[in-house]
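Some notes on the structure that comes next.
Worth saying up front: this structure is predicted, and the values here are computed from it rather than measured. Naming: A, B, ... by sequence-line order, numbering from 1 per chain.
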Amino acid sequence: MTADGGPELIQLLTPEGERVHHPDYDIDLTPDELRGLYRDLVLVRRVDAEATALQRQGELGLWAQLLGQEAAQVGSGRALHPDDFAFPTYREHGVAWTRDVDPLQLLGLFRGVTNGGWDPHEHNFALYTIVIGDQCLHAVGYAMGIQRDGADAAVIAYFGDGATSQGDVNESFVFAAVYNVPVVFFCQNNQWAISEPLERQTRIPLYKRADGFGFPGVRVDGNDVLAVLAVTRAALAYARDGQGPMLIEAFTYRMGAHTTSDDPSRYRVAADLEAWKLKDPIERVKVYLARSGLADSAYFASVEEEAEALAVRLRDGCRSMPDPAPASMFDHVYAEQHPLVDAERTTFETYHASFAQGGVH
Amino acid sequence: MTADGGPELIQLLTPEGERVHHPDYDIDLTPDELRGLYRDLVLVRRVDAEATALQRQGELGLWAQLLGQEAAQVGSGRALHPDDFAFPTYREHGVAWTRDVDPLQLLGLFRGVTNGGWDPHEHNFALYTIVIGDQCLHAVGYAMGIQRDGADAAVIAYFGDGATSQGDVNESFVFAAVYNVPVVFFCQNNQWAISEPLERQTRIPLYKRADGFGFPGVRVDGNDVLAVLAVTRAALAYARDGQGPMLIEAFTYRMGAHTTSDDPSRYRVAADLEAWKLKDPIERVKVYLARSGLADSAYFASVEEEAEALAVRLRDGCRSMPDPAPASMFDHVYAEQHPLVDAERTTFETYHASFAQGGVH
Amino acid sequence: MAVTTMAKAINAGLRKALERDNKVLLMGQDIGKLGGVFRVTDGLQKDFGETRVIDSPLAESGILGTAVGLAMRGYRPVVEIQFDGFVYPAFDQIVSQVAKHHARSSGRTPMPITIRIPYGGGIGAVEHHSESPEAYFAHTAGLRVVSPSNPLDAFVMVQQAIACDDPVVFFEPKRRYWDKGDVDESLVIASAPTPFAARIVRPGTSATVACYGPMVRTCLEAATAAAEDGTDLEVIDLRSISPLDTATVAASVRRTGRLVVVHEASVFLGVGAELAARITEECFYSLEAPVLRVGGYHTPYPPSRVEEDYLPDLDRVLDAVDRAMAY
Amino acid sequence: MAVTTMAKAINAGLRKALERDNKVLLMGQDIGKLGGVFRVTDGLQKDFGETRVIDSPLAESGILGTAVGLAMRGYRPVVEIQFDGFVYPAFDQIVSQVAKHHARSSGRTPMPITIRIPYGGGIGAVEHHSESPEAYFAHTAGLRVVSPSNPLDAFVMVQQAIACDDPVVFFEPKRRYWDKGDVDESLVIASAPTPFAARIVRPGTSATVACYGPMVRTCLEAATAAAEDGTDLEVIDLRSISPLDTATVAASVRRTGRLVVVHEASVFLGVGAELAARITEECFYSLEAPVLRVGGYHTPYPPSRVEEDYLPDLDRVLDAVDRAMAY
Ligand SMILES: Cc1ncc(C[n+]2csc(CCOP(=O)(O)OP(=O)(O)O)c2C)c(N)n1
Ligand SMILES: Cc1ncc(C[n+]2csc(CCOP(=O)(O)OP(=O)(O)O)c2C)c(N)n1
Ligand SMILES: [Mg+2]
Ligand SMILES: [Mg+2]
């Protein structure tokens, strides 16, 4: 498999920041929109960096870094209409950003104060799914609902290269194709599933998986925010238009560790990293904006300032995040009354009260 | 999807019994081999008919008929080398025949005297698998073993059109492709999964599923024993040769009910059945043999006699099949000693002894 | 009020649910034209259409996973698993998503999914068609698990399960599908007793027998036989396994002093273990004998020709009662 | 004899198994170069090669399903499930194939598969990384389920599990991976006691505390604390959950008259339920108090910031002991 993504790679902005064109996909953005994308990318990267730092400082139990995948996430997230619904994995912090989920709510999950965090219905952004592949079927089911409601909306399901080996992901392709539901399968191929390289999951490019199920599959430069935006917009329109599912393989690279508990030096060589540094998703946009006079150093500085302010807010917000009340673990096990949970909660509270009252132990 | 299998259908013997040729696949059989295939087909169909009758008479709890799929099973089964290993579903009675499994052992399972029956290692034919799709992963694992043993053998995994929707079947494609193991995936597309037509499982021809995983897929006329034999031989050779997996879609039709408990009149029209009757897998061979003077009425009569004798043997063998000893349910739960099972067996035996000795009840 | 079979009673209950709430959907294999292998959904696709009564592709995880997505969109999926032994491919979606999502979402996203599973043995089936996996689900927080024992309960409880905002695993005793009983289809479920409470189906004084699903009939027959020997059994139909109505059982045991629990599932870590542990704790001083359990053995479900020797029957129940009385 | 951690002890045990029998294979996610997320397989791929230490595609059902095929071919696969919460996608292959195939084949085809699962909480992890699913497997006939509590047992038991011709689900208490203990790597497993028997790790007279895996250390600490108040606890490390060594526990209870069972898994239908039911039946007249259970609540495993309130700890064990003594 070609390390550079091969000729099938859809690109609109080269790593050198040169605006190129593609026969099937193009996009025309206003200067504001272009600057907005740059801002998204920078702020999202800053969220990631800050969260990583907070984990190092012991404020978070874990963090799954998105470093290198900003364009894939911002580009696809910005392609969504408000009524569209996104199903993330545990790494879609950039998509969360585009759905107006406060990054602090993401931190809450990794800090261990909640297993969820935000209101999926308020943001049309599902909760993070940690079990690999499960969310792809949820996405198809949600799209079945949209289909039944006759709504003008589509669903996007995020998953990784490793996830393509899971039965559930392949079943989601079967159901989506057979029901012809409005869903876009967005695979961020960051070349790694923890320590396992792509070769452990497939011997052909992942976008071709769609051929086996009878819907279109394309490979886009995942580090090119313009191409990702263009391709995802097209796929979502295709879905809303009733033409069924489409698979997008965003060809990118996991620049960081799998998570803060991972040590990539055990399994991959620095050379790859260097090669991919040259394809940085942010740098190319900055060069393009500067060269085409769409943004000046003052603008770039203002974004930096905004990022700095955001970082400060996250740091303070995270540190001051209260722990949940212990008894809250009993709160939502069931939506309706359940005697066993009630009884256990009572035992739990009486037991803890005994300490408060300086009980025997 | 074209009801006739479309132009991609590989055929060597037309429904009218005309020997045709194919650019990629051909076969040259001796008169004995050709007569042998005819004999297999007739005897296998007779086994099926007799078993169906035995079920009606209450001798079997259930029977899964292969009517219409004789060529797909005999053709693929006869393509196997002795060292090759086959993983069947619950309908591969014709394959079992080619692996020298006594049909009586198949009846044992459907009579309910055992959940297995034959010795898989003696016949290189796994036990029937009832959970849809599970055996495809077993086949890939077995092929991983062959690969490690450096043996000159291949594996064939049987499954149906409905099974292609299962996660396990798709995972078996992933593992087989990634490990490049010697396995042939043999899908008998009999157009139905109980009451669900093919359209409930896929919107493109099933042989194309292989494209999504990076190995060859072909569609063969499943009612043409010569084509099935030729294509399966080629796929097995390809696998033994270390080139990895291949998917064969045998395009056929389930002429009978799903099982003896099923009532197809509730969900399919007689017309289809009529159309497929014209493509009968046995008739075309008979016509071909007769027309080309390879067999005369005396030969056909002798096969009929043999079938009759087989039927009698099955009838008697089935009726006289002893029930297992009740306590045998404890025999092989574990390979090594397990105190709980021992204790329960003792309780069981003491309890039953109490009746023998005219216990209280 | 009409006499009908349990299968038809469930069919009627599903029909009511589909009529009452257009967010209710039926999903499963062969539930459309065929009406399911047991005909429980007979005629429903014809009357409610293919968008509400859906023949799914052959993939249990896919069925449950899409049900989760539909629930997130505000639907109330009622999923049919064709046989007990085929629910396992969906185990991850059930345990990690269906059961936990409401808690994960801090109550924002309920999972009103009903999972119908024909279960248990006694019908002479091949392997994987006679299992009793209820303990797996009852051990899983977030799920409710119920099992009706008669047509009227089946009719009412299936509607209550669908109306419940929690996921409910609805175990249908397949060998009782053809048992007949009175069903009043005009009955309004709101007025019916909660499906999560046990019911004393035969009052008695000598000992308590707790059971559910297919074993209720067996235990009632045992009680009749026992009565002839002068043993007066109180039979409790648990109806719900999670939650487990220990209060009703404990009250009975305080009166009788003895308890026998009966189910088809393996005794080892079966529902009887939990009931025995709790009742012993709650009624320690009332119990004149240890709680005895009658159930399947620690073996795979055996070939059908010997299933009668595996399944608890009248004699085994009476044998346990005798042992309990002997203390 | 050397002091080492449980993680390293299991690594050493796996190495011995790979050396002893070339049919032994390791399969799982990230077990190669990375050595597994807990480094338990560190260095093994380097020394035994990629054909024997296999990085599998990301699909648990695929891993177990191919393990079944390899076992049919005469191999002894040792499968690593990365975390407890990720075993469910493989549940069908484990319950319907791994557990039942030996019986189905009338003993012709054993399934010598070892399924290693790091389990339990207490490490501050995100959801699905702290579960205790052992009851699901113990309820399943055909499987053996064990869990070591210390480095030496881990070293020996993992080798015994691999040598066993039955499938063994090997639960590794992940929060004890870094606990140290003496391990004699020259020890021959044939001479070691069976992994399927419990062991009294602290003799006592006041009451019996039965536990396994991560809870053994907790209970020993509780026993030390109790000793100060003059309560002399007998602590039993069950080691095996299926089979469950009730004989050892019963003998102890006949002496102490009281039993407390402790595990992290939810109490409802947890292993404690089975032990309570059996011991009550076997020791009905010796028990001076009902068997009490300490374990997880009937909730999903909570966010890590409150896990300490979910997990049984020294105080909850002592509280249960006090309640048992109060009878
Ligand atoms: C069912 C399941 N198995 C294993 C894991 C452990 N795990 C977490 S992330 C991961 C790798 C995922 O790789 P990929 O799909 O490429 O996504 P990425 O992490 O690269 O974004 C694994 C194996 C899991 N979360 N779920
Ligand atoms: C996991 C699972 N789900 C459901 C079933 C019930 N079932 C038995 S056969 C069958 C249809 C199979 O169709 P197909 O794969 O086309 O094979 P065919 O029966 O046509 O040979 C179903 C749904 C099963 N055996 N296993
Ligand atoms: Mg990846
Ligand atoms: Mg079929």
Side-chain angles (χ1 to χ4, degrees), chain A residues 61-62 64 90 108-116 128 130-134 160-168 193-197 200-202 258 261-264 266-268 323-333 338 340-341 343-345 347-348 351-352 354-355 359-361, chain D residues 29-39 42 54-63 65 82-83 85-86 88-90 92 123-130 222 225 229 266-268 295-310 313-320 322:
Chain A
L62 182 83
Y90 40 79
L109 188 152
F110 290 96
R111 184 178 172 87
V113 304
T114 173
N115 287 331
Y128 276 3
I130 290 173
V131 182
I132 299 297
D134 283 12
D161 44 295
T164 60
S165 295
Q166 279 288 2
D168 277 14
I194 305 187
S195 74
E196 298 193 8
R200 291 285 85 200
Q201 317 294 343
T202 181
H258 169 68
S261 356
D262 181 38
D263 172 11
R266 294 179 65 98
Y267 55 80
R268 70 183 187 185
D323 283 351
S328 66
M329 71 176 85
F330 298 99
D331 287 351
H332 302 291
V333 183
H338 193 286
L340 174 59
V341 175
E344 289 188 343
R345 177 201 288 272
T347 315
F348 181 90
Y351 171 73
H352 280 272
S354 73
F355 287 87
V360 281
H361 315 300
Chain D
Q29 296 152 5
D30 307 292
I31 67 169
K33 280 189 181 155
L34 184 62
V37 294
F38 291 106
R39 308 293 182 266
D42 192 16
I54 307 164
D55 269 332
S56 318
L58 209 178
E60 286 73 13
S61 192
I63 295 170
Q82 202 161 70
F83 283 93
F86 308 137
Y88 308 125
D92 171 58
I123 64 164
V126 293
E127 198 183 358
H128 311 290
H129 292 68
S130 306
D229 321 0
S266 301
V267 165
F268 192 83
Y297 301 106
H298 194 64
T299 72
Y301 195 88
S304 60
R305 286 270 169 161
V306 291
E307 70 181 332
E308 291 311 325
D309 294 289
Y310 174 90
D313 59 8
L314 185 147
D315 288 328
R316 282 177 60 199
V317 173
L318 292 179
D319 173 68
D322 291 345

Query - Partner set under side-chain hydrogen bond (donor to acceptor under 3.5 Å, both in side chains) for A:Arg111, not counting sequence neighbours - result: A:Glu59
Report summary line: Ranking A:Thr164, A:Val341, A:Leu340 by heavy-atom pairs under 4.5 Å to chain D gives rank one to A:Leu340
Query raised in the report: Of the non-hydrogen atoms in D:Leu58 and A:Ala163, which two are nearest, and what is the gap between them?
Result: CD1-N, 4.1 Å
Query raised in the report: Are side-chain heavy atoms of D:Gln82 and A:Ile132 found at a separation under 4.5 Å?
Result: no
Query raised in the report: Is the side chain of A:Glu196 donor-acceptor paired with the backbone N or O of D:Asp30 at a distance under 3.5 Å, no angle test?
Result: yes
Query raised in the report: Can you name the nearest heavy-atom pair linking A:Gln201 to D:Pro57, along with the distance?
Result: OE1-CA, 3.5 Å
Requested in this report: Identify the heavy atoms of A:Asn115 and D:Tyr301 that sit nearest to each other, and give their distance.
Outcome: ND2-O, 3.5 Å
Requested in this report: Sort A:His332 into side chain, backbone, both or neither according to what part of it lies under 4.5 angstrom from a heavy atom of chain D.
Outcome: neither
Query raised in the report: Relative to chain A, which segment of D:Gln29 carries a heavy atom at a distance below 4.5 Å: side chain, backbone, both, or neither?
Result: both
Query - Segment of D:Glu60 engaging chain A (4.5 angstrom heavy-atom cut-off) - result: both
Query - Contacting region of D:Thr299 [heavy-atom separation from chain A under 4.5 Å] - result: both
Report summary line: If you tally heavy-atom pairs under 4.5 Å between each of A:Gly61, A:Ala327, A:Pro324, A:Ser328 and chain D, the highest tally belongs to A:Pro324
Query raised in the report: Do D:Phe86 and A:Ile130 touch side chain to side chain, with heavy atoms closer than 4.5 Å?
Result: yes
Requested in this report: Give, as side chain, backbone, both or neither, the part of A:Val113 having an atom under 4.5 angstrom from any heavy atom of chain D.
Outcome: both
Query raised in the report: Contact part of A:Asp134 toward chain D, heavy-atom cut-off under 4.5 Å: side chain, backbone, both or neither?
Result: neither
Query raised in the report: So do D:Tyr297 and A:Val333 actually touch side chain to side chain, heavy atoms under 4.5 Å?
Result: no
Requested in this report: With sequence neighbours excluded, tell me which residues meet side-chain hydrogen bond (donor to acceptor under 3.5 Å, both in side chains) with A:Thr347.
Outcome: none
Query - Donor-acceptor pair, side chain of A:Arg266 and main chain of D:Leu34, under 3.5 angstrom - result: yes
Requested in this report: Determine the minimum heavy-atom distance between A:Met329 and D:Pro302, stating which atoms define it.
Outcome: CB-CB, 4.0 Å
Query raised in the report: Are the side chain of A:Tyr351 and the backbone of D:Arg316 linked by a donor-acceptor contact shorter than 3.5 Å?
Result: yes
Query raised in the report: For D:His128, is it the side chain, the backbone, both or neither that has a heavy atom under 4.5 Å from a heavy atom of chain A?
Result: side chain
Query raised in the report: Which is it for A:Val131 and D:Tyr88 under the side chain to side chain contact (heavy atoms under 4.5 Å, CB included) test, yes or no, and what are the steps along the way?
Result: CA-CA 10 Å; A:Val131 182; D:Tyr88 308 125; over 6 Å; no
Query raised in the report: Taking side chain as C-beta onward, heavy atoms only, is D:Val306 less than 4.5 Å from A:Asp323?
Result: no
